[in-house]
Amino acid sequence: MLAHDVPTHARLEDLDSTGYVVVRSFLNDAEIARFEADYAASSGVDTSYGVRQVSAGARSAIDDKLAAMARAVAGASSVRVDIASVCAFGSAYFTTEGEIGTAWHQDAVSYFAYQNHHDYLNFYVPIVKPVRERSNLCVIPFDAFAARSPELAARLRGRGATRFVVKDGATIVHDNNTSDIHGVLPYALDELAVTPQLGRGDLLLLRGDVIHRTEDKDTHRIAVSIRMMNRETRVRRAELVRGGFLKAVVMTHGRRDFGRLFDCFDAAGKDELTIGEIAGFEASARPARATSFVSFMAFLMWNRMRERLGLF
């Protein structure tokens, strides 16, 4: 497949219904080898998130292919993405050795940062995959979820930071944004699960709000995950600081990158920026200053108080 080609058999319109689509052989052997070399050359696990980051050079080698897919998606669905994330919120390698995503969830960190998981796509591609039938991603088709639980599905559409705990035939739905509970489903979420079987180089294209989990950790699987967003999505400082204690802890663990977001607001002198504007500031910004866990948590609590007082 050439860099500008999109397979004609890919049902991209399914992004509006199920929320995901499989594209076979999205990466060719040379592209896979480049990502494998990038993974091997990475300096180690990012301690903030427990994953290795994709280098800008490795990702940019398939920028034309990502852009072509984004255009095809726009022509077939309501999802609009046009910019690849270049920071730790966006591009990473996930392995069965190190990841912790074996429970049902909607992604949290990217939702805390960018606040829009509808116009947000996860390009998930295994680059090491010894067994096609094992160690895939299990997903909950959004249309099946909406048919079973229409009110909750409507509430979670376009969102993230949700955790699902299956126990005794029911599912407790935790809101990690507010540290509250959305409710309890009277069935096990596993009843709706689908597991697309992926080979090396196959793409699982996921809308950001799709509920998912790792199938198993029985084989040595490495996948590259590249995220694309909409440059017109508006990110608000008030929403960034608002939330419960769990969100504050997650943000404080990732203080290097969340600190850069706050630096963008400060540099612009604004309390609301588009993702495109944030990308521009990040490209020219100096590395965020190192801060301790305690000092960043205090900074976050101070800003929460200011938000409650209507100061931004």
Side-chain angles (χ1 to χ4, degrees), residues 1-40 51-77 79-86 90-96 99 101 107 110 117 119-139 141 194-208 210 212 214-215 219-230:
M1 185 171 66
L2 298 177
H4 59 275
D5 290 336
V6 175
T8 56
H9 60 271
R11 290 181 49 86
L12 299 179
E13 62 271 23
D14 287 351
L15 288 169
D16 278 337
S17 53
T18 63
Y20 71 93
V21 63
V22 173
V23 181
R24 300 296 178 191
S25 301
F26 180 72
L27 295 183
N28 59 40
D29 288 341
E31 291 162 342
I32 293 170
R34 186 181 183 100
F35 282 115
E36 287 180 306
D38 184 60
Y39 176 83
V51 297
R52 299 190 190 196
Q53 303 300 326
V54 178
S55 71
R59 196 222 67 231
S60 64
I62 64 165
D63 273 353
D64 288 347
K65 184 172 285 189
L66 295 172
M69 182 60 76
R71 290 191 296 270
V73 165
S77 75
V79 178
R80 299 290 183 270
V81 296
D82 55 12
I83 185 171
S85 178
V86 295
S91 300
Y93 295 102
F94 290 95
T95 78
T96 45
E99 66 188 48
D107 287 344
S110 54
H117 265 178
D119 296 312
Y120 184 100
L121 290 177
N122 178 358
F123 289 70
Y124 175 94
V125 186
I127 57 173
V128 174
K129 189 69 159 51
V131 184
R132 184 184 185 89
E133 297 79 17
R134 304 302 297 270
S135 306
N136 293 290
L137 281 192
C138 303
V139 300
V194 174
T195 307
Q197 295 184 356
L198 303 178
R200 184 171 175 264
D202 290 342
L203 166 67
L204 177 59
L205 189 61
L206 290 164
R207 210 173 63 212
V210 170
H212 60 283
T214 300
E215 179 185 17
T219 69
H220 175 60
R221 185 263 291 144
I222 302 172
V224 59
S225 173
I226 296 173
R227 314 299 175 96
M228 288 193 73
M229 305 167 293
N230 186 321

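Only this structure's heavy atoms are used, side chains among them; waters, hydrogens and symmetry mates stay out. Computed from a predicted model, the values in this text were never measured in an experiment. Count residues from 1 along the sequence.
Contact record, V73 with L12: N-CD1, 3.8 Å, taken as the closest heavy-atom pair. The shortest heavy-atom contact between S85 and R59 is O-NH1, 4.0 Å. Between A92 and V54, the shortest heavy-atom contact is N-CG2, 3.5 Å.
By the 4.5 Å heavy-atom criterion applied to side chains, L137 and P196 are not counted as neighbours. Residues Y20 and L204 form a side-chain contact, since some pair of their non-hydrogen atoms from C-beta on lies under 4.5 Å apart. Contact check for Y39 versus I222: side-chain heavy atoms found under the 4.5 Å cut-off. Using a 4.5 Å heavy-atom threshold, the side chains of Q53 and S91 count as separate. At least one side-chain heavy atom of L121 sits under 4.5 Å from a side-chain heavy atom of L205. At a threshold of 4.5 Å between non-hydrogen side-chain atoms, the residues K129 and N136 count as touching.
Atom CE of M228 is separated from atom CD1 of I83 by 8.0 Å, given to the nearest 0.5 angstrom. For the atom pair CG of D29 and CZ of R34, the computed distance is 15.0 Å after rounding to the nearest 0.5 Å. Taking CD1 from I226 and CE from M69, the interatomic distance works out to 12.0 Å, rounded to the nearest 0.5 Å. To the nearest 0.5 Å, atoms CG (L66) and CG (L203) are separated by 9.0 Å. With rounding to the nearest 0.5 Å, the separation of CG in D202 from CD in Q197 is 10.5 Å. F35 contributes atom CZ, which lies 8.0 Å from atom OG of S55 (distance to the nearest 0.5 angstrom).
H117 and S110 share a donor-acceptor pair across their side chains, judged by distance under 3.5 Å alone. No hydrogens or angles considered: a donor-acceptor pair under 3.5 Å links the side chains of D107 and H212.
Judged by distance alone, the side chain of R132 and the main-chain N or O of L198 form no donor-acceptor pair under 3.5 Å. A donor-acceptor contact shorter than 3.5 Å is absent between the side chain of S77 and the backbone of A74. Using a distance-only test at 3.5 Å, with no hydrogens or angles considered, no donor-acceptor pair links the side chain of T95 to the main chain of R221. Side chain of T219 to main chain of S135: no donor-acceptor pair is present (N/O by atom type, distance under 3.5 Å, no hydrogens or angles).
Under the side-chain hydrogen bond (donor to acceptor under 3.5 Å, both in side chains) criterion, N230 pairs with no residue at all, not counting sequence neighbours.
Under the 6.0 Å distance and 45° angle rule, R227 does not count as a cation-pi partner of Y120.
Ion pairing of D119 with R80 is absent here, as no side-chain N (NZ or NE/NH1/NH2) approaches a carboxylate O to less than 4.0 Å. A salt bridge links E36 to R200: one of the charged nitrogens lies within less than 4.0 Å of a carboxylate oxygen.
Using cut-offs of 30° and 60° for the angle between ring planes, the F26 and F123 rings count as tilted.
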